[in-house]
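Everything on this sheet refers to the single structure shown next.
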2 protein chains.
Amino acid sequence: MNDHHDALDKLIKYFKNFFPLNEKERNELSTRFIERKVKRRALILQQGEVCRHFTFIVKGCLKMYAVDKSGKEHNLQFGAENDWITDLSSFYSEKPSSVYIETMEPSVMLQIKHPDLLHLYTNYHKFDRNFRIIIEQKYIELQNRVLQNISSTANERYLSFLEHYPNLSNRLPNTQVASYLGITPEFLSKIRKDLTQNH
Amino acid sequence: MNDHHDALDKLIKYFKNFFPLNEKERNELSTRFIERKVKRRALILQQGEVCRHFTFIVKGCLKMYAVDKSGKEHNLQFGAENDWITDLSSFYSEKPSSVYIETMEPSVMLQIKHPDLLHLYTNYHKFDRNFRIIIEQKYIELQNRVLQNISSTANERYLSFLEHYPNLSNRLPNTQVASYLGITPEFLSKIRKDLTQNH
DNA sequence: AAATATCCTTAATCTAGTTCAAGCGTCAAT
DNA sequence: ATTGACGCTTGAACTAGATTAAGGATATTT
């Protein structure tokens, strides 16, 4: 009944939303996934490094961001409990990543390495299946975000963010939300002021 | 040696980039995928309709777009030879789609219906595997596009589009490219003028 | 408890991108 | 041959959002 057990239970429970795992598959999880606890502001992945882990978030909150030539950070993705975070491109290609992954709260994760995940894929149809479904869901989310970006104002995008990620929006500093929306913190502040005044 | 055969050959060849299919799997393709030829400006999917097909593009060029309240079209995705186009969300949920899919050239497609694709997934590990990889690649592309959208100017996004999709950019009218980039055709025209003048 | 980051807001100025309107070239259909 | 529909461009006026700079509020660290 130790922490590792708790974390794994959370992952097993998570997979029940898809095609639930049998005992053998659950055992594989427990040997292949490694628990990791980190404090706030820990860098899980740095630009230039190969992304070695596919990460399931048991507790806490992380962000994935790119840094442009002028040094500005741009948040590509947030992740919290029961979500995955990884630089897919670097993870599969085993080439240096162009992004950072960093905790925004003290966090507990379960991580699997490339060869271990390939082992699961190769030997268990169900893992290929479940990860296909997971990525499909994340693809749909991302496509909605693209649509927002090309068709909506910053104001509309902010409202949509509040609607879709209510639990994230009250956990994160607004500077981080602004970076995710692709606007400056100053402009987000203006948007928020307008919203409170006109309602 | 008919056309259907040619189209299927193209799909089989496509799968060689992933985990190549054995004879039984190839046979399944030939019975489950249906060839469809359409002229220019044909609507493959309309808003409000359930997306019934997962579509492989053998020849031609298609776009997927959403229409906002003011009637403006916003291009979410283009697809050409050896690419897939589908409203994933509607296809899997079997709920009405919020987007349109339309040919921009006379096109040849291979389409599979939901139950048939599920049949492939359920009975052949390899299809779950291959479609996982396909979606992962498209996820990475989409993530790069999000990064562009939140961090780059219209000018930079246009240059990046030219670089990544040179074959599409000379096939499409600029109005369509502008809609994909999230800017007006007028502003794209201005960008293009600046580019030719300053180089 | 002080000290230092980090975060949030406001306001003035500036710029990237939109809107509206018009004109022109091209291509497909009658 | 002529008519449209469509695509491309230009310019003037406008607006969403960035930039810069400053001050105050909250946390976090020492």
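The analysis underlying the following values was restricted to heavy atoms, covering all of them including side chains, and did not include hydrogens, waters or symmetry mates. The chains referred to below are lettered A, B, ... by the order of the sequence lines, with proteins before strands, and numbering in each begins at 1.
Atom CG of A:N155 is separated from atom P of D:dG17 by 8 Å (rounded to the nearest Å). Spacing between atom CD1 of A:I191 and atom P of C:dT9 amounts to 12 Å, rounded to whole angstrom units. Across the protein-nucleic acid pair, B:R157 atom CZ and C:dG17 atom P stand 6 Å apart, rounded to whole Å. Residue B:E156 contributes atom CD, which lies 14 Å from atom C1' of C:dG17 at whole-angstrom precision. For the pair A:R40 CZ and C:dA5 C1', the computed distance is 11 Å after rounding to whole Å. D:dC6 atom P lies 11 Å from atom CD of B:E102, rounded to whole Å. To the nearest angstrom, P of C:dA11 lies 12 Å from CG of A:D194. Whole-Å rounding puts the A:I150 CD1 to C:dT18 P distance at 12 Å.
Put simply, OH on B:Y14 and CD1 on B:I134 are 3.5 Å apart, with the number rounded to the nearest 0.5 Å. Of the inter-residue distances, the one linking B:R132 atom CZ with B:K126 atom NZ reads 14.0 Å to the nearest 0.5 angstrom.
We find that B:R129 and B:E136 are not joined by a salt bridge, their nearest charged nitrogen and carboxylate oxygen being 4.0 Å or further apart.
Between the side chains of A:H114 and A:R52, no donor N or O sits under 3.5 Å from an acceptor N or O. Inspection of the A:Q111 and A:R36 side chains reveals an N or O donor paired with an N or O acceptor under 3.5 Å.
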Using atom names, set out every protein N or O paired with an N or O of nucleotides 8-15 of chain D below 3.5 Å, distance rounded to 0.1 Å.
unit_1 : atom_1 : unit_2 : atom_2 : d
D:dC8  : OP1    : B:N174 : N      : 3.2
D:dC8  : OP2    : B:N174 : N      : 3.0
D:dC8  : OP2    : B:T175 : N      : 3.1
D:dT9  : OP2    : B:S189 : OG     : 3.3
D:dT9  : O5'    : B:S189 : OG     : 3.3

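Residue contacts shown for B:T153 are limited to sugar-phosphate atoms, with no base heavy atom under 4.0 Å away. Here A:R41 lies in heavy-atom contact (under 4.0 Å) with sugar-phosphate atoms only.
With B:Y65 as the aromatic partner, B:K63 meets the cation-pi criteria of under 6.0 angstrom to the ring centre and within 45 degrees of the ring axis. With B:Y180 as the aromatic partner, B:R145 meets the cation-pi criteria of under 6.0 angstrom to the ring centre and within 45 degrees of the ring axis.
Applying the salt bridge (charged side-chain N to carboxylate O under 4.0 Å, His left out) test between B:D83 and each of B:K138, B:K10, B:K59 identifies B:K138 as the sole match.
The stretch residues 62-75 of chain B touches DNA chain C through B:K72, each having a heavy atom under 4.0 angstrom from the strand.
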**Request:** Begin from the C-alpha positions of A:Y165 and A:F78 and carry the test side chain to side chain contact (heavy atoms under 4.5 Å, CB included) through to its verdict.
**Result:** CA-CA 10 Å; A:Y165 305 97; A:F78 297 127; over 6 Å; no

**Item:** Pair B:K113-B:E94, salt bridge (Lys or Arg N to Asp or Glu O under 4.0 Å): steps then yes or no
**Value:** CA-CA 11 Å; B:K113 293 201 174 183; B:E94 299 186 91; over 6 Å; no

**Request:** Take B:D87 and B:S89 through the test side-chain hydrogen bond (donor to acceptor under 3.5 Å, both in side chains) and record every step on the way to the result.
**Result:** CA-CA 6 Å; B:D87 178 6; B:S89 172; 4.6 Å; no

**Prompt:** Using Watson-Crick and G-U wobble pairs with both distances under 3.5 Å, what is the 5'-to-3' dot-bracket string of DNA chain C, with [ ] for crossing pairs and | for pairs outside the strand?
**Reply:** |||||||.||||||||||||||.|||||||

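Proximity of A:T184 to the phosphate of D:dA18: a side-chain N or O atom is located under 4.0 Å from OP1 or OP2.
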